[in-house]
Engineer: 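Quick one: this structure, given as structure tokens, is what I'll be asking you about.
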Amino acid sequence: MSRFANLDPFARKMIQGSIAFAIVLLIMFGVFTAVYMHANPKCHEETIVEADSPGGQWTAAVIERRCGDTTSPVTHLNLRPAQEPVRTGYFTGVASEGQVFAIPLDVRETSPSLEWTGADELTLRCIGCDGRSPSQQETSWRTVKIRYVKK
């Protein structure tokens with residue numbers, strides 16, 4: 001037997017309506033929060049330079065990540081198949097897929113340049129990377145071999 005069985009029909013309808021309204025409000029709150037977090041991610045990624053491999057199979061991109069005023073910017077290198085866009089996290093805005101190099105410096109400090117020396121060989125020149133160690137430095141990604149030159 002229902003908890004509301006002893007109530008008159010009008011009171012029962014009011015309670016059921018209030019519960020349904022509260023559920024709809026919670027669902028709306030969740031949806032709007034998800035949309036807001038997607039539209040205003042914590043981090044912002046700005047592509048500085050892109051270069052396609054000679055065979056047209058891969059694209060390398062130097063990207064600068066800024067995650068607010070309290071954290072230092074990060075310059076990173078991302079690789080991806082040539083026809084695909086840079087993919088960022090739905091809520092975070094971080095392009096971590098295909099990231100092979102990251103250093104906690106902004107683009108003005110690193111002055112990065114890309115050079116494809118073969119269909120599967122990439123060289124990243126990092127002018128301002130002398131005194132800093134990168135937080136990530138992969139030497140290969142899929143079939144691509146990566147070389148780093150600090151100047």
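Positions are given from 1 along the sequence. Below, each value reflects all heavy atoms present in this structure, side chains not excepted, and no hydrogens, waters or symmetry copies. Since we're looking at a predicted model, the values are computed, not measured.
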Engineer: Could you tell me whether a side-chain N or O of Ser140 sits under 3.5 Å from a main-chain N or O of Val144, the two making a donor and an acceptor?
Structural biologist: no
Engineer: Once side-chain hydrogen bond (donor to acceptor under 3.5 Å, both in side chains) is applied, do any residues pair with Glu50, and if so which ones, sequence neighbours excluded?
Structural biologist: Arg80
Engineer: Angle between ring planes, Trp58 versus Trp141, binned at 30° and 60°: parallel, tilted or perpendicular?
Structural biologist: perpendicular
Engineer: Check this for me, if you would: do Glu121 and Lys145 make a salt bridge, where the nitrogen-to-carboxylate-oxygen distance has to be below 4.0 angstrom?
Structural biologist: no
Engineer: Going by distance alone, is a donor N or O of one side chain under 3.5 Å from an acceptor N or O of the other, for Gln99 and Arg65?
Structural biologist: yes
Engineer: Which residue pairs pass the disulfide bond (SG atoms under 2.5 Å apart) test when at least one of the two sits in residues 38-95, sequence neighbours left out?
Structural biologist: Cys43-Cys67
Engineer: Does a side-chain heavy-atom distance below 4.5 Å link Thr59 with Leu79?
Structural biologist: no
Engineer: Is a side-chain donor or acceptor of Thr47 paired with a backbone partner of Val49 at a separation under 3.5 angstrom?
Structural biologist: no
Engineer: Does either side chain, that of Gln136 or that of His76, offer a donor lying less than 3.5 Å from an acceptor on the other one?
Structural biologist: no
Engineer: Using only atom types and a distance under 3.5 Å, with no angle test, would you say the side chain of Glu109 pairs donor to acceptor with the backbone of Asp106?
Structural biologist: yes
Engineer: Determine, stepwise, if the pair Thr117 / Arg147 fulfils side chain to side chain contact (heavy atoms under 4.5 Å, CB included).
Structural biologist: CA-CA 10 Å; Thr117 55; Arg147 196 179 82 154; 6.0 Å; no
Engineer: Any pair with a residue in residues 115-147 that passes disulfide bond (SG atoms under 2.5 Å apart), sequence neighbours left out, goes on the list, sorted by first then second residue, please.
Structural biologist: Cys126-Cys129
Engineer: Would you say Glu97 has more than 12 foreign heavy atoms packed within less than 6.0 Å of its CD?
Structural biologist: no
Engineer: Identify the two heavy atoms, one from Pro54 and one from Trp116, that lie closest to each other, and give their separation to 0.1 Å.
Structural biologist: CD-CB, 3.5 Å
